[in-house]
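Reviewing the structure listed below.
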Protein chains: 2
Amino acid sequence: MLTISILVNHPAPSFVATENPVKDNNDMPGHLARRFQQIAVAVFLAEVGDAGFDLTPVQYAALATIKANPGLDQVTLAGLIAYDRTTITGVVDRLVQKGLAERRASSRDRRARELEITDEGRRTLRKITPAVESAQRVMLRGLSAKEGEELMRLLRKAIAAGNELSRAPLRDAQA
Amino acid sequence: MLTISILVNHPAPSFVATENPVKDNNDMPGHLARRFQQIAVAVFLAEVGDAGFDLTPVQYAALATIKANPGLDQVTLAGLIAYDRTTITGVVDRLVQKGLAERRASSRDRRARELEITDEGRRTLRKITPAVESAQRVMLRGLSAKEGEELMRLLRKAIAAGNELSRAPLRDAQA
DNA sequence: GGATATTGATCAGTATGCTGACTATCAGTA
DNA sequence: TACTGATAGTCAGCATACTGATCAATATCC
C-alpha cells in the first residue's frame, strides 16, 4: 500500500540499487583522480575565463614552461610537463595561432623546432597569474591549509612512483 | 672555466632555466591532479589489457553502474558517475556496440532510454574485476596503506567541496 | 487546458590524450 | 663512408570531456 502510493507520487526509483556489487566508486583512487581532475580543470577555466582570458590549463603550463626555458624544443617541453609528444603539436599550434608563442626551425638540428614566447605571451602570462593562483586555492577549498599540503605531498609521492607507467613521463630537461 | 668545460662536453642545456618565474608545477594541485589521473588511466588500461580485455576506465565505471542499477536512464547514469550527459552518449554507444549493454526506449518516458547490462557484460565485469582491483593498488604503489587511505580521504573531501564546480557533478539516483 | 519551462538525448565543434605509423634527420658504428 | 638505430615532429584514428544548440517529450503553472 505505502509502496504503491510512493510509486505513484514519486515515479519509480526502482532501478536504484541499495548495495553495490562492486567496490564503491569512492574507494577507487582512479575514480577519485578523475573527479578531482575534472573539477580542477573546470575551476581553472572558470577563474581564467572570468579574468577575461581564453587559455586552457594545458596551454598555460606549456606557455609558462616555454617562457622559463627559451628556445627549447618540443620533446623537451613535453618531457618537462609530462605531455605526450603527439599532444604537444596541437597545443603549440594553438599557442602560435593565438600569437603567444613562436615556432622556429632549429639551427643545430633540422628535425627540431625551437620555441619562444612572444611579448604578447609574456603579457598574458603576467596578467593571468592571479587567476591561476586563485584557481589552485579554489580547487582545494574543502581542505585546510595543512590538508592541502598533505594532499599535494601524497600526490607527488604517488606520481613519482608511477612516473614511468604512462606514455608521457616527466623528464628532466637534461638527459 | 669549469662552466665552459661542462658546456663543451654536454652540449647546451642553454635553455634550461635555473629558476622558475612562476610557481613550480609540483606546487600546483591542478598539475598534480592531471599527472595522477594520467598515470591512473595508463595503469588501468595496462592491467585490464594484460588480462585480455579492451575496456576503458570510463566504460568500466559505466558498465558497473548499469549492472548495479538495471533499467536506469542515461542522465541518471551520468549523475551517478559524474560524467557529462553529452559524453555518456558515446560511452553507451561503445558499450552497446561491444555487446556489453543494451539501450531500449523507456516505456514510462518516451524521451528516455533504459539501460541494461547483457550476460556478456556481466561475464566481462566478473572476469575483469581482479585486474581493476590490481590497477587500484598499482597506482598507489608509492604509498603505504595508511598514506593511500589518507590520499583517498583528502581527495573525497576536496571533491565533495568542489562537486558543483564542474559541469557534471555527482548526483544521487534520487532527485 | 494551453502556454511555458524543463528535461532526456543527441549533435557539431573544439581540446586534450593516447596508439601506431611515417618522414626526415641525426648519431654511432663497422 | 655506408649501414643501422635512434630521435624530432607530424599524422590518422579513437576515446574522453566540454560548450552550446536542437528536438522531442514531459511538467508546471496560470
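The chains referred to below are lettered A, B, ... by the order of the sequence lines, with proteins before strands, and numbering in each begins at 1. Predicted model only: the values in this text are computed from it and were never measured.
Computed from coordinates, the A:Ile88 CD1 to D:dC11 C1' distance equals 16 Å when rounded to whole Å. Between the CZ atom of B:Arg34 and the P atom of C:dC18 there is a distance of 7 Å, rounded to whole Å. Put simply, CG on B:Leu80 is 15 Å from C1' on C:dG8, counting in whole angstrom units. As a whole-Å value, the separation of A:His31 NE2 from D:dT16 P is 15 Å. Distance, B:Leu45 CG to D:dA15 C1': 10 Å, rounded to whole Å. Put simply, CZ on B:Arg171 is 11 Å from P on C:dT7, counting in whole angstrom units. The CG-P distance, from B:Asp54 to C:dG20, rounds to 12 Å in whole Å. Rounded to an integer number of Å, the gap from A:Leu165 CG to C:dT19 P is 12 Å.
Across all strands, A:Ala42 comes closer than 4.0 Å to no nucleic acid atom at all (heavy-atom distances). Residue-level contact check: A:Val91 touches the backbone only, with heavy atoms under 4.0 Å from sugar-phosphate atoms and none from bases. Among the protein residues, B:Thr56 comes within range of the sugar-phosphate backbone only, with heavy atoms under 4.0 Å from sugar or phosphate atoms but none that close to a base. At the heavy-atom level, B:Arg110 lies under 4.0 Å from the strands shown only through sugar-phosphate atoms.
Side chain of B:Thr89, nearest nucleotide from C:dT10, C:dT16, C:dG20: C:dT10. Of all nucleotides listed (C:dG8, D:dA17, C:dA9), C:dG8 comes nearest to the side chain of B:Asp109. The nucleotide whose nearest atom lies closest to any side-chain atom of B:Thr86 is, among C:dT25, C:dT16, C:dT10, C:dT10. Side-chain proximity of B:Ala112 to the nucleotides C:dT19, C:dG8, C:dC18 is greatest for C:dG8. With C:dT10, C:dT16, D:dG9 as the candidates, the nucleotide lying closest to the side chain of A:Arg94 is C:dT16. Comparing D:dA17, C:dT10, C:dG17 against the side chain of B:Arg113 picks out C:dT10 as the nearest. Of all nucleotides listed (C:dT16, C:dC18, C:dA9), C:dA9 comes nearest to the side chain of B:Arg85. In this structure, of D:dA17, C:dC18, C:dT10, it is C:dC18 that holds the atom nearest to the side chain of A:Arg167.
Between the side chain of B:Thr118 and the backbone N or O of B:Leu100 there is at least one donor-acceptor pair closer than 3.5 Å. At least one donor-acceptor pair closer than 3.5 Å links the side chain of B:Thr124 to the backbone N or O of B:Glu120. In this structure, the side chain of B:Gln136 engages the main chain of A:Gly30 through a donor-acceptor pair within 3.5 Å. For the pair B:Lys98 (side chain) and B:Asp54 (backbone), a donor-acceptor distance under 3.5 Å is present. For B:Arg141 (side chain) and A:Ala161 (main-chain N/O), a donor-acceptor pair under 3.5 Å exists by modelled atom type. In this structure, A:Arg103 contributes its side chain and A:Arg113 its backbone to no donor-acceptor pair below 3.5 Å.
At D:dT16, one or more side-chain N or O atoms of B:Gln59 fall inside 4.0 Å of OP1 or OP2 (strictly under the cut-off). Note on A:Gln37: every side-chain N or O is 4.0 Å or more away from OP1 and OP2 of C:dT16.
Across the interface with DNA chain D, nearest-nucleotide mapping of B:Asp84 and A:Glu114 shows A:Glu114 to be the residue nearer the 5′ end. Along DNA chain D, the nucleotide nearest A:Arg103 and the nucleotide nearest A:Gln38 are compared for position; the residue whose nucleotide lies closer to the 5' end is A:Arg103.
Contact check on B:Arg153 versus A:Glu147 returns a salt bridge, with a Lys/Arg side-chain nitrogen under 4.0 Å from an Asp/Glu carboxylate oxygen. A salt bridge links B:Glu164 with B:Arg171: the closest approach of a Lys/Arg side-chain nitrogen to an acidic carboxylate oxygen falls below 4.0 angstrom.
With a 3.5 Å limit on both pairing distances and Watson-Crick or G-U wobble geometry required, the stems of 3 or more pairs in DNA chain D span C:1-30 with D:1-30.
In this model, a side-chain donor or acceptor of A:Arg111 finds a partner on the base of D:dT7 within 3.5 Å.
Side-chain atoms of B:Asp109 and B:Ser106 form no donor-acceptor pair, as typed in the model, at a separation below 3.5 Å.
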